[in-house]
*Asks:* 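Handing you a structure now.
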2 protein chains.
Amino acid sequence: MTEIEPEESSTEEKIFEAAKDVFHRKGFDGARMQEIADKAKINKSMLHYYYRSKDKLFEKVYQLSLMRALPQIVSLLNKDLPLEEKIREFVREYLSVIKKNPEIPSFIIRELNTNPSRIQEFFRAQVAKRVQPFIDQVSEASEAGKIKDDLPPEQVIINIMSLVIFPFIGKPILQILFNIDDSAFDDFVDQRLEYLPDFVVEMTLKSDSDL
Amino acid sequence: MTEIEPEESSTEEKIFEAAKDVFHRKGFDGARMQEIADKAKINKSMLHYYYRSKDKLFEKVYQLSLMRALPQIVSLLNKDLPLEEKIREFVREYLSVIKKNPEIPSFIIRELNTNPSRIQEFFRAQVAKRVQPFIDQVSEASEAGKIKDDLPPEQVIINIMSLVIFPFIGKPILQILFNIDDSAFDDFVDQRLEYLPDFVVEMTLKSDSDL
DNA sequence: ATATTTTTTAACCAGATGGTTAAACCGTGC
DNA sequence: GCACGGTTTAACCATCTGGTTAAAAAATAT
């Protein structure tokens with residue numbers, strides 16, 4: 001077997017990149033194998049040669065989308081940091097990572113809502129257990145009375161996720177309501193990167209004056 | 001013309017209800033005309049008899065989904081109320097309305113992300129202009145220095161929308177992370193209904209001590 | 001009762017879609 | 001040169017999909 005893949009992307013890679021793009025934009029149901037083939041400039045048969053079926057190809061894309069986005073973020077949640085720092089870092093990290101792949105949140109959530117069975121299990125196995133330490137830490141803080149309004153962990157965590165994730169999902173709404181183009185949206189995200197980490201901490205944890 | 005429709009729903013209504021259900025769950029691309037027909041227990045030809053095409057049927061469903069959900073909420077945004085009250089009422093109203101139709105946010109956002117062209121225009125025409133007064137009011141408050149951290153209006157409004165809308169979109173994630181079933185999710189929403197209105201106001205506007 | 005209009009059914013259709021196959025192509029080692 | 005492995009192509013296939021049609025059945029009017 002002769003290996004050594006040089007710079008130029010192989011057919012397999014071209015397919016994968018095209019598939020990623022199409023699946024991200026159209027979702028599983030809306031994606032067409034022919035469109036992926038066209039975009040990769042290869043014969044449709046190659047799709048099945050390298051990835052046996054649409055499902056299999058989708059699975060690869062989905063896994064990598066999750067894996068490319070989440071490890072950095074999630075590894076952070078397992079570190080031994082005080083909650084306040086962890087929240088701040090999480091917000092910062094999430095925004096930074098997703099800024100480079102802004103389609104990922106819509107993609108993941110669309111599929112999770114539209115066709116849960118195909119991906120639920122993978123999500124459960126790969127994400128859920130890694131987030132658990134963070135949930136535990138919030139639970140402790142909650143029991144110790146350190147959370148604003150004494151909210152339970154689910155509420156705290158959903159609030160954080162909402163502020164961090166939603167803007168990417170709601171981008172089209174944002175663009176309609178405020179007449180902003182893609183580059184203005186980037187500025188919008190940069191702005192969030194500046195204020196949101198502290199903002200979320202302040203919103204979540206009791207301040208000194210509350211004690 | 002003899003009218004008086006009794007309890008039993010007409011074919012047209014049965015189709016519409018079935019279509020609503022299927023489109024909400026699967027999205028436009030994932031929905032099948034045959035599935036809608038089966039669910040409505042009528043012949044597939046009836047779909048085309050009453051609504052000429054899949055697109056037309058979808059449009060009706062989409063319009064009604066938006067219209068059923070939004071008028072109450074949006075009319076509130078045009079009232080002559082102090083910003084603080086308006087935010088409080090908006091949060092309350094949104095949660096109450098969507099609680100009864102929890103699939104609507106995912107549905108609207110999925111289509112807005114997946115196939116913008118089909119609905120963007122309608123959304124722009126029906127929603128954007130009605131929200132404008134609220135945006136203006138926030139802008140004024142922002143200029144008057146009444147907004148926490150002196151955030152610009154886009155940031156303020158997206159933050160509010162995030163906290164209100166995201167939990168419904170992220171329901172599957174929530175269910176995986178916290179192992180909760182549908183009824184526990186309802187409790188979760190009820191809990192939000194209790195604390196979120198005040199919470200959002202406090203997060204958005206400067207408190208007396210900040211002045 | 002009969003004519004007319006509306007609603008429903010079943011059979012059908014053209015095009016799209018995911019997938020298969022068999023042959024051609026190409027690089028490498030002999 | 002030739003054989004051999006992996007790679008690529010074009011033609012093809014079965015099924016699904018949205019949509020049509022013509023005739024039957026029901027309802028309505030005369």
Side-chain angles (χ1 to χ4, degrees), chain A residues 1-63 110-111 114-115 117-119, chain B residues 1-63 110-111 114-115 117-119:
Chain A
M1 45 176 90
T2 45
E3 67 287 353
I4 307 165
E5 290 289 323
E7 300 306 308
E8 27 160 315
S9 56
S10 65
T11 302
E12 194 171 350
E13 284 166 340
K14 284 196 292 184
I15 292 174
F16 187 85
E17 287 305 310
K20 201 182 71 178
D21 181 62
V22 174
F23 279 134
H24 277 179
R25 278 189 296 106
K26 309 265 182 100
F28 181 86
D29 292 329
R32 296 287 158 249
M33 296 296 265
Q34 190 59 58
E35 188 183 348
I36 295 174
D38 292 346
K39 180 143 258 168
K41 286 174 191 155
I42 46 92
N43 188 294
K44 184 163 70 81
S45 299
M46 302 310 291
L47 299 180
H48 296 95
Y49 180 72
Y50 286 104
Y51 309 85
R52 313 189 1 153
S53 66
K54 188 184 182 185
D55 274 87
K56 290 261 167 46
L57 178 53
F58 176 83
E59 207 175 320
K60 283 277 164 76
V61 170
Y62 187 80
Q63 287 185 12
R110 183 205 293 134
E111 300 304 327
T114 307
N115 215 326
S117 56
R118 187 184 290 108
I119 48 178
Chain B
M1 48 176 86
T2 45
E3 67 288 352
I4 308 166
E5 288 288 321
E7 299 308 307
E8 26 160 315
S9 54
S10 67
T11 302
E12 196 171 348
E13 284 165 340
K14 284 196 293 184
I15 292 175
F16 188 84
E17 286 305 310
K20 201 182 71 178
D21 181 61
V22 174
F23 279 133
H24 277 178
R25 278 189 296 107
K26 309 266 183 98
F28 180 85
D29 293 329
R32 296 288 159 251
M33 295 298 263
Q34 188 59 59
E35 189 183 347
I36 295 174
D38 291 347
K39 181 142 258 169
K41 284 173 192 156
I42 45 92
N43 189 295
K44 184 162 69 82
S45 299
M46 302 309 292
L47 299 181
H48 296 94
Y49 180 72
Y50 285 104
Y51 309 84
R52 312 189 3 153
S53 66
K54 188 184 181 183
D55 274 86
K56 290 260 167 48
L57 177 53
F58 176 83
E59 207 176 319
K60 283 276 165 76
V61 169
Y62 187 79
Q63 288 187 11
R110 184 205 293 132
E111 299 304 328
T114 307
N115 216 325
S117 56
R118 186 184 290 108
I119 49 177

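So you know, we letter chains A, B, ... as the sequences are listed, proteins then strands, and number each from 1.
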*Asks:* Residues two or more places apart in sequence or in another chain: which of them pass side-chain contact (heavy atoms from CB on, under 4.5 Å) with B:D38?
*Replies:*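 side-chain contact (heavy atoms from CB on, under 4.5 Å) check on B:D38 returns B:Q34.
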*Asks:* Name all pairs fulfilling the ring-ring contact (aromatic ring centres under 6.0 Å, His included) condition that reach into residues 21-40 of chain B, sequence neighbours left out, sorted by first residue then second.
*Replies:*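 Checked against ring-ring contact (aromatic ring centres under 6.0 Å, His included) - neighbours excluded - the pairs reaching residues 21-40 of chain B are B:F23-B:F58, B:H24-B:F107, B:F28-B:F58.
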*Asks:* Could you tell me the separation between the CG atom of B:L47 and the P atom of D:dG18, rounded to a whole number of Å?
*Replies:*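 About 10 Å, once rounded to whole Å.
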*Asks:* With B:K39, which residues qualify under side-chain contact (heavy atoms from CB on, under 4.5 Å), at least two apart?
*Replies:*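 In terms of side-chain contact (heavy atoms from CB on, under 4.5 Å), with neighbours along the sequence ignored, B:K39 is linked to B:A18, B:D21, B:V22, B:R25.
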*Asks:* Report, as a single string ordered 5' to 3', how protein heavy atoms within less than 4.0 Å touch nucleotides 5-18 of chain C: B base, S sugar-phosphate only, - not at all.
*Replies:* -SBBBB------SB
*Asks:* Measure CD/B:E35 against C1'/D:dC16 and give the value in whole Å, please.
*Replies:*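 In whole Å, D:dC16 C1' lies 14 Å from B:E35 CD.
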*Asks:* My understanding is that only residues two or more places apart in sequence, or in another chain, count here; which of them pass side-chain contact (heavy atoms from CB on, under 4.5 Å) with A:E59?
*Replies:*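 Result, side-chain contact (heavy atoms from CB on, under 4.5 Å) vs A:E59: A:Q63.
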*Asks:* With a 3.5 Å cut-off and sequence neighbours excluded, list the donor-acceptor pairs that the side chains of residues 41-49 of chain A form with protein atoms.
*Replies:*
from	atom 1	to	atom 2	distance (Å)
A:N43	OD1	A:S45	N	2.8
A:N43	OD1	A:S45	OG	3.2

*Asks:* Rounded to whole Å, how long is the line connecting atom CG of B:D38 with atom P of D:dG18?
*Replies:*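 Those two atoms, CG and P, are 12 Å apart.
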